Amino acid sequence: MKPLTFPLLFLALLLCVACGQSAAKELNGTGSPVPDTSAIITAVERNLATMEEMPHDNIEDDTLPENLAQQLRLFFSCSSIKEINRFIDPEIGLTILYANGCYPEYSQMDSLDPNRNAYQYTLPFWISESLFQSIDFKNLKINHFQYTYTPVFQRETIFREGVFIDQSEDKTVMSNAIKNLILTRGKEGADASYLKKLKKDLHFYKKMEKNSLRIVITDKKSPTVGGETRIFHFHEKNGRLYLFLIDFYSIDGSV
């Protein structure tokens, strides 16, 4: 051991003992008084208790900005494809998401063609038919939009009836569907160019979903079996809402 090591250690020990005695004196009232923090602690405890007593956020109190609500009401009062096309940005286009067997599939178009009937689109006939049914708003009267953070339907089963702004994880149904395709098709040895397109689309739809509204309309009284569910996704751009996705995938009971 070096000559100075032991004296230094002894000195450090003496300092520690002195500090301990000083602290003990303060606690016993023989030194400087310890600040009284009881009032602060009591106030903090009171605030925490008040927070625990406060009710959780009521989703019924959420309100959609009136300018957006008015645009949605205008959309759901459209009486023609020409009027609906005013809500489709040609740069973004409209995507139709549906199921093809057990896989998700989607078709992209610049707009809806008013000169074609349901069977003249390049979509499976049952999807074209569903598309025309979903945009038939003549008997649809919407005055109120409810926020929901939990599912209001499961495939073909409707839990709650009404018009909802869906804030659940289903809001990202499009990007989740593409992730599913990348995973499954990749394992099956899909063409590299197809997988590259999927990855590019995934980036695009993730960006779209960040500033979007998912509107779910459920109707138990519909003549269709099990009721009817319609799902529309709108993207907000410069204060305007544009329809960019109609979702038939989430309501397909065969998936």
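Since the model is a prediction, treat every value here as computed from it, not as a measurement.
Taking each heavy atom of M208 and F244 in turn, the nearest pair found is CE-CG, 3.6 Å. Residues A177 and P104 come closest through the heavy atom pair O-CG, 3.5 Å. Shortest non-hydrogen contact noted between I84 and C78 is CG1-CB, 3.7 Å. The two atoms that bring L123 and S107 nearest to each other are CD2-OG, 3.3 Å, heavy atoms only.
Annotation: cation-pi pair R86/F75 absent, no NZ/CZ under 6.0 Å from the ring centroid and within 45° of its normal.
Within a 6.0 Å radius of CD in E236, more than 12 heavy atoms belonging to other residues, nucleotides or ligands are found.
Contact annotation: the side chain of Y98 never approaches that of S130 to less than 4.5 Å [non-hydrogen atoms, C-beta and beyond]. No side-chain heavy atom of L245 sits less than 4.5 Å from a side-chain heavy atom of F232. The shortest distance between side-chain heavy atoms of L72 and L64 falls below 4.5 Å.
Not one N or O on the side chain of Q167 forms a donor-acceptor pair closer than 3.5 Å with the backbone of T148. For the pair K206 (side chain) and T172 (backbone), a donor-acceptor distance under 3.5 Å is absent. Panel note: side chain R230, backbone S134; a donor-acceptor pair is recorded below 3.5 Å. Remark: side-chain polar atoms of E209 are paired, donor with acceptor, to backbone N or O of S175 under 3.5 angstrom. With hydrogens and angles disregarded, a donor-acceptor distance shorter than 3.5 Å links the side chain of Q71 to the backbone of L241. Panel note: side chain N117, backbone Q120; a donor-acceptor pair is recorded below 3.5 Å. H233 places no side-chain N or O within 3.5 Å of a backbone atom of I215 that could act as its donor or acceptor partner.
For D201 and Y106, the side-chain atoms include at least one donor-acceptor pair closer than 3.5 Å.
The ring pair (Phe, Tyr, Trp, His ring centres under 6.0 Å) analysis of residues 107-132, with sequence neighbours excluded, yields the pairs Y121-F132.
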Could you go through residues 89-97 and list every donor-acceptor pair under 3.5 Å that involves a side-chain atom there, pairing it with any protein atom two or more places apart or in another chain?
| residue | atom | partner | partner atom | Å |
| --- | --- | --- | --- | --- |
| D89 | OD1 | E91 | N | 2.9 |
| D89 | OD2 | K237 | NZ | 2.8 |
| T95 | OG1 | Y205 | OH | 2.5 |

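Partners of K200 under the salt bridge (Lys or Arg N to Asp or Glu O under 4.0 Å) rule, at least two apart in sequence or in another chain, do not exist in this structure. Partners of F153 according to the side chain to side chain contact (heavy atoms under 4.5 Å, CB included) rule, which considers only residues two or more places apart in sequence or in another chain, are R214, V216, T229, I231, S250, I251. With sequence neighbours left out, R73 forms a salt bridge (Lys or Arg N to Asp or Glu O under 4.0 Å) with E66. Qualifying salt bridge (Lys or Arg N to Asp or Glu O under 4.0 Å) partners for D110, counting only residues two or more places apart in sequence or in other chains: none.
Note: the hydrophobic cluster containing V173 does not contain F159 (ILVMFWY, side chain heavy atoms under 4.5 Å, direct or indirect links).
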